[in-house]
2 protein chains.
Amino acid sequence: MSVTPTRDRRSERHEATRAEILEAAWELAREQGLAGLSLRDLGRKVGMRAQSLYSYFDSKHAIYDALFRQGNEQMLERRSHLDRTADPEADLRRGGRQFVEFCVEDPARYQLLFQRTIPGFEPSAESYALAVTVLEGAQERFRALGVDDSAALDLWTALLTGLIDQQISNDPGGDRWVRLYDEAVDMFFDHVNKEKTR
Amino acid sequence: MSVTPTRDRRSERHEATRAEILEAAWELAREQGLAGLSLRDLGRKVGMRAQSLYSYFDSKHAIYDALFRQGNEQMLERRSHLDRTADPEADLRRGGRQFVEFCVEDPARYQLLFQRTIPGFEPSAESYALAVTVLEGAQERFRALGVDDSAALDLWTALLTGLIDQQISNDPGGDRWVRLYDEAVDMFFDHVNKEKTR
DNA sequence: GTCTATATTTGGATAGAC
DNA sequence: GTCTATCCAAATATAGAC
């Protein structure tokens, strides 16, 4: 008679190896660019042949998908620590700063999650929905602020991504643009509040 | 006795073919992304084998270089039609708008000129210097405005590239972010003028 | 699960005939 | 200047032995 153990040591090991592969993939993406990721290098990094990776992922695409999902989960995890207070402007300020820092701290992740530069890669609808959640959070706070203008949300995202893109493209690892965050947000809220009272 | 003609029909033809190749390269870059450009496709598009392209360019790299140079020349040509008036704020407004439109009208060109996403491609120092010229023009107008703050210039570039990036990434071919230009610039100058009078 | 062996494709690039 | 013929390298992916 066979006994079914409650823990499946085999699949635990499988999952652990999968996680190890993804971690190595992040490192390679950071080192040589997201598009430069190759299965050979990835295999070498985890101590196996490229072909053996197929025991863990169906394709290279599936690896990008898993990375995309991990990135989104990291972002949601980060955002879950943001409390909502009675002051929506302060909430937006903190949310925006967190977003900028999250993006700048790992340009490869930013590229995967928010830019469409991997040829032929489309995130799964499920993962994409996570990203929309973040935008909706911001929109809600704008409404709480009394701003019902969709242009305000678009201007807000443009302001944040402008700082992020300039920081990543022209001063990687530095803070030349990130340090302008408070000033930029002051500017933005001065503008929004002026529009409101018109 | 041989006679030297004043026109060299052979090199004229050579130059014309080079130009034709570059035009085809732009089209391919627009269609399938800048990084997706391949010599095989490029040759097919101009009706020759990939190997024959080597009669016109030393390498694929040399083609990117030539494209980079052309893109910068196009930008400078465009900017040469911008007059400098007695009103530096109006000059900045027009210059910024022109820049946004120039970038948005050809995302592949924007990617080549301003983002660093082609693996291993570094523009020649000469071409890079052209790009710096544009920034210096903006800086000069800020000084004329009485703004001597380098942060203002950085905030200005972040604002413009934020609109551009969002437009290209999230509404290609549309105007969802570009149409916010005037509002964004109003916001910016309100802020700058407030700082000035403090 | 990992390996060897191999298929296939797709790049960039060179040599030499015409 | 263009072609054919080739080379070389790198990449994804599959088959089958162990």
Side-chain angles (χ1 to χ4, degrees), chain A residues 5 7-29 31-68 108 112 117-122, chain B residues 5 7-29 31-68 108 112 117-122:
Chain A
R7 277 176 57 198
D8 180 346
R9 303 188 73 90
R10 179 135 23 195
S11 73
E12 279 177 12
R13 176 119 199 88
H14 189 83
E15 277 311 303
T17 305
R18 262 182 74 101
E20 193 189 336
I21 290 168
L22 291 179
E23 190 41 53
W26 281 121
E27 285 171 28
L28 285 176
E31 288 165 16
Q32 38 187 303
L34 195 63
L37 185 67
S38 83
L39 297 187
R40 284 190 190 185
D41 292 347
L42 183 52
R44 189 181 324 125
K45 189 141 196 161
V46 296
M48 59 175 79
R49 296 295 163 130
Q51 303 93 302
S52 304
L53 296 170
Y54 285 85
S55 297
Y56 299 95
F57 296 94
D58 286 343
S59 66
K60 189 183 182 184
H61 226 74
I63 295 176
Y64 280 127
D65 259 321
L67 292 174
F68 187 89
L112 179 62
T117 67
I118 300 295
F121 173 67
E122 285 294 319
Chain B
R7 278 176 58 197
D8 182 345
R9 303 187 73 90
R10 181 138 19 197
S11 74
E12 279 176 11
R13 175 121 198 87
H14 189 85
E15 278 310 305
T17 305
R18 262 181 74 102
E20 193 189 337
I21 290 168
L22 292 179
E23 190 40 54
W26 281 121
E27 285 170 29
L28 284 176
E31 288 165 16
Q32 41 188 298
L34 195 62
L37 185 66
S38 83
L39 297 188
R40 286 219 211 305
D41 292 347
L42 183 52
R44 189 183 322 125
K45 188 143 196 159
V46 296
M48 59 174 79
R49 296 295 163 127
Q51 304 92 303
S52 304
L53 295 171
Y54 286 86
S55 296
Y56 299 95
F57 295 95
D58 287 344
S59 66
K60 188 184 183 184
H61 225 73
I63 293 176
Y64 279 128
D65 259 321
L67 292 174
F68 186 89
L112 179 61
T117 65
I118 300 294
F121 172 66
E122 284 294 318

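Per chain, numbering begins at 1; letters A, B, ... match sequence-line order. Please read these numbers as outputs of a predicted model, since none were measured by experiment. In what follows, every heavy atom counts, from backbone to side chain, and hydrogens, waters and symmetry copies are set aside.
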Residues 40-53 of chain B, side-chain donor-acceptor partners within the protein, below 3.5 Å, at least two apart:
from	atom 1	to	atom 2	distance (Å)
B/D41	OD1	B/R44	NH2	3.3
B/D41	OD2	B/S38	OG	3.4
B/K45	NZ	B/E27	OE1	3.4
B/K45	NZ	B/E31	OE2	3.1

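Note: CZ (B/R44) to C1' (D/dC3) measures 17 Å, nearest angstrom. The CZ-P distance, from A/R49 to C/dT6, rounds to 14 Å in whole Å. For the pair B/F57 CZ and D/dG1 P, the computed distance is 12 Å after rounding to whole Å. Nucleotide C/dG1 holds its C1' atom 15 Å from the CG atom of A/D8, rounded to whole Å. One interatomic measurement links the two molecules: CD of A/E15 to P of C/dG1, which rounds to 10 Å at whole-angstrom precision. With rounding to whole Å, A/M48 atom CE is found 7 Å from C/dC3 atom P.
Taking all atoms of both residues into account, the shortest heavy-atom contact from B/K60 to B/A35 is NZ-O, 4.5 Å. Here the closest heavy-atom approach between residue B/L34 and residue B/A108 is recorded as CD2-O, 3.9 Å. The two atoms that bring B/F57 and B/I63 nearest to each other are CG-CG1, 3.5 Å, heavy atoms only. Counting all heavy atoms, side chain and backbone alike, B/A25 lies closest to B/L37 at O-CD1, 4.0 Å.
For the ring-ring contact (aromatic ring centres under 6.0 Å, His included) test, residues two or more places apart in sequence or in another chain that qualify with A/Y56 are A/H14.
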Summary of protein contacts for nucleotides 5-18 of chain D, nucleotide by nucleotide, where a base hit scores B, a sugar-phosphate-only hit scores S (4.0 Å, heavy atoms):
B----SBBBB----
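Among the nucleotides D/dG1, D/dC3, C/dG1, the one closest to any side-chain atom of A/R10 is C/dG1. Closest approach to the A/S52 side chain among D/dG1, C/dC3, C/dG1 is made by C/dC3 (side chain taken as heavy atoms from C-beta onward).
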